[in-house]
Amino acid sequence: MALGNPVRSEGLSARERYELLTSLVVPRPIGWLSTRGPDGVANLAPYSYFAALSASPMLVGVSIGHRSTGPKDSLVNIRAQGAFCVNVVDVDHLEAMNASSIDSGPGHDEFLHAGLKAVDSPLVDAPYVSGIRAVLHCRLHRELDIGAEANTLVVGLVVGTSVDDSLLRVEGTRYVRTESLRPVGRLWGPTYSLPGEIRALPRPRPSD
Ligand SMILES: Cc1cc2nc3c(=O)[nH]c(=O)nc-3n(C[C@H](O)[C@H](O)[C@H](O)COP(=O)(O)O)c2cc1C
């Protein structure tokens, strides 16, 4: 076994950098973003450049790429309404999530394309997926231009969360049991990780 010399990122093509990054930073959570366009049309698309950033304030980050024609619809809508919802992708919604990634252009409702219904968030000006079991309702907190290849990092303030009654909690806490949520992670290209073995490992204490 040998790691060898590091490959310098600057010597790689954009495609090669993408292939390395997205197959090494795995599995990634999927921010399945639902938004509403300035024309009122609902929009739905998955984003796996997505992460939890902070609990207080409660922040999530999503990096949205631009097309040669301009920003993707999710970003246009987030800017217009100052809001979005994050639908937590579980095993039962894997196919619908993938269907919603179609590049269908503004004014096209990916909810319909994916066979889903939109429900209005009671907290922010955005819809969420009917039947989804967990939602983060977000307000646009900050936007950051992150480079020449045209990606915009959107930071969302989670102003509320919805968790379905059917999801199990760790008693006396708000932790949702992962085995009941059954979340999907993004690997590279068209590959995903489904829930598998869960190991609990108590954190070491200085006195141990
Ligand atoms: C699982 C998955 C993850 C994706 N992650 C991203 C991402 O992080 N950033 C991005 O710009 N596009 C990502 N895409 C592609 C967008 O979903 C796709 O471009 C979509 O059409 C954007 O829709 P919109 O224009 O309605 O926002 C991803 C696609 C899939 C299937």
Side-chain angles (χ1 to χ4, degrees), residues 14-15 17-53 59-118 121 124-129 132 134 136 138 140 143-156 181-195:
R15 181 72 213 173
R17 285 195 292 270
Y18 176 77
E19 289 169 358
L20 271 177
L21 189 71
T22 58
S23 60
L24 292 178
V25 183
V26 282
R28 293 184 302 289
I30 301 168
W32 197 15
L33 302 194
S34 43
T35 54
R36 191 170 299 289
D39 49 6
V41 175
N43 189 87
L44 183 63
Y47 286 87
S48 62
Y49 284 155
F50 174 76
L53 302 180
L59 299 175
V60 292
V62 55
S63 164
I64 302 183
H66 293 223
R67 299 192 171 95
S68 54
T69 48
K72 292 190 179 180
D73 300 337
S74 299
L75 180 57
V76 171
N77 296 353
I78 290 169
R79 284 173 171 162
Q81 316 294 0
F84 60 98
C85 284
V86 178
N87 304 271
V88 177
V89 182
D90 57 27
V91 174
D92 295 337
H93 288 89
L94 179 57
E95 270 87 21
M97 176 280 295
N98 188 45
S100 76
S101 72
I102 189 165
D103 176 7
S104 48
H108 184 96
D109 184 338
E110 290 94 358
F111 280 86
L112 293 177
H113 180 80
L116 298 167
K117 280 197 189 134
S121 164
V124 297
D125 199 349
Y128 63 88
V129 172
I132 202 76
L136 310 178
C138 302
L140 175 60
E143 193 189 293
L144 187 70
D145 179 357
I146 50 170
E149 299 284 336
N151 268 276
T152 299
L153 175 63
V154 167
V155 178
L181 184 62
R182 300 168 73 221
V184 168
R186 173 99 190 269
L187 303 174
W188 57 271
T191 64
Y192 297 91
S193 63
L194 305 185

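Note that ligands are numbered from 1 as they come in the structure, with each ligand's atoms numbered from 1 the same way.
Going from atom CG of Leu153 over to atom CG of Leu53 covers 7.0 Å, rounded to the nearest 0.5 Å. Here Arg186 contributes atom CZ and Phe50 contributes atom CZ; the two are 14.5 Å apart, rounded to the nearest 0.5 Å. Atom-to-atom distance recorded for Leu75:CG and Asn151:CG is 10.0 Å, nearest 0.5 angstrom. Rounded to the nearest 0.5 angstrom, Ser104 OG and Asp73 CG are separated by 6.5 Å.
A distance-only check finds a donor-acceptor pair linking the side chain of Arg28 to the backbone of Thr22 [under 3.5 Å]. The main-chain N or O of Gln81 is never found under 3.5 Å from a side-chain atom of Asp125 such that the two would form a donor-acceptor pair. Checking side-chain atoms of Arg36 against main-chain N and O of Asp39 turns up no donor-acceptor pair under 3.5 Å. Under the 3.5 Å distance criterion, the side-chain polar atoms of Asp145 are matched with a main-chain donor or acceptor of Gly147. No donor-acceptor distance shorter than 3.5 angstrom exists from the side chain of Thr35 to the backbone of Phe84, with no hydrogens or angles considered.
When each atom of ligand 1 is checked for a heavy atom of Ser63 under 4.0 Å away, the hits are 7 (C), 8 (O), 9 (N). Within the listing of ligand 1, atoms 21 (O) sit less than 4.0 angstrom from a heavy atom of Asp103.
Nearest-heavy-atom check against atom 5 (N) of ligand 1 across Ser48, Ala150, Gly37 picks out Ser48. When Arg28, Arg186, Glu110 are ranked by how near their heavy atoms come to atom 1 (C) of ligand 1, first place goes to Arg186.
Residue Asn151 has no N or O atom closer than 3.5 Å to an N or O atom of ligand 1. Considering backbone and side-chain atoms alike, Arg67 places an N or O below 3.5 Å from some N or O of ligand 1. Considering backbone and side-chain atoms together, Gly65 places an N or O closer than 3.5 Å to an N or O of ligand 1. For Asp73, a nitrogen or oxygen atom sits less than 3.5 Å from a nitrogen or oxygen atom of ligand 1, counting backbone and side chain alike.
Of the protein's heavy atoms, Ser74 OG, 2.5 Å lies nearest to atom 27 (O) of ligand 1. From the protein, the heavy atom lying nearest to atom 12 (N) of ligand 1 is Lys72 NZ, 2.9 Å. Looking only at heavy atoms of the protein, atom 26 (O) of ligand 1 is closest to Asn43 ND2, 2.9 Å. Closest protein heavy atom to atom 7 (C) of ligand 1: Tyr47 CD2, 3.4 Å. Protein heavy atom closest to atom 20 (C) of ligand 1, with residue, atom name and distance, is Ser101 O, 3.4 Å. Scanning the protein heavy atoms around atom 23 (O) of ligand 1, the nearest turns out to be Ala45 CB, 3.3 Å. Annotation: atom 14 (N) of ligand 1 to nearest protein heavy atom, Pro46 O, 3.4 Å. In terms of protein heavy-atom proximity, atom 8 (O) of ligand 1 is nearest to Tyr49 N, 2.8 Å.
A heavy-atom separation below 4.0 Å is found between Ile102 and ligand 1.
Residue contacts with ligand 1, taken as heavy atom pairs separated by less than 4.0 Å, do not involve His66 at all. If you look at Phe50 next to ligand 1, there are no close heavy atoms at all, none under 4.0 Å. Counting heavy atoms closer than 4.0 Å to ligand 1, residue Ser100 contributes nothing at all.
When all heavy atoms are compared, the tightest approach of Gly185 to Ile30 is C-CD1, 4.4 Å. Shortest non-hydrogen contact noted between Ile64 and Ser74 is CD1-CB, 4.3 Å.
Looking at Leu116, Val41, Asn43 one by one, the single match for side chain to side chain contact (heavy atoms under 4.5 Å, CB included) with Glu110 turns out to be Asn43.
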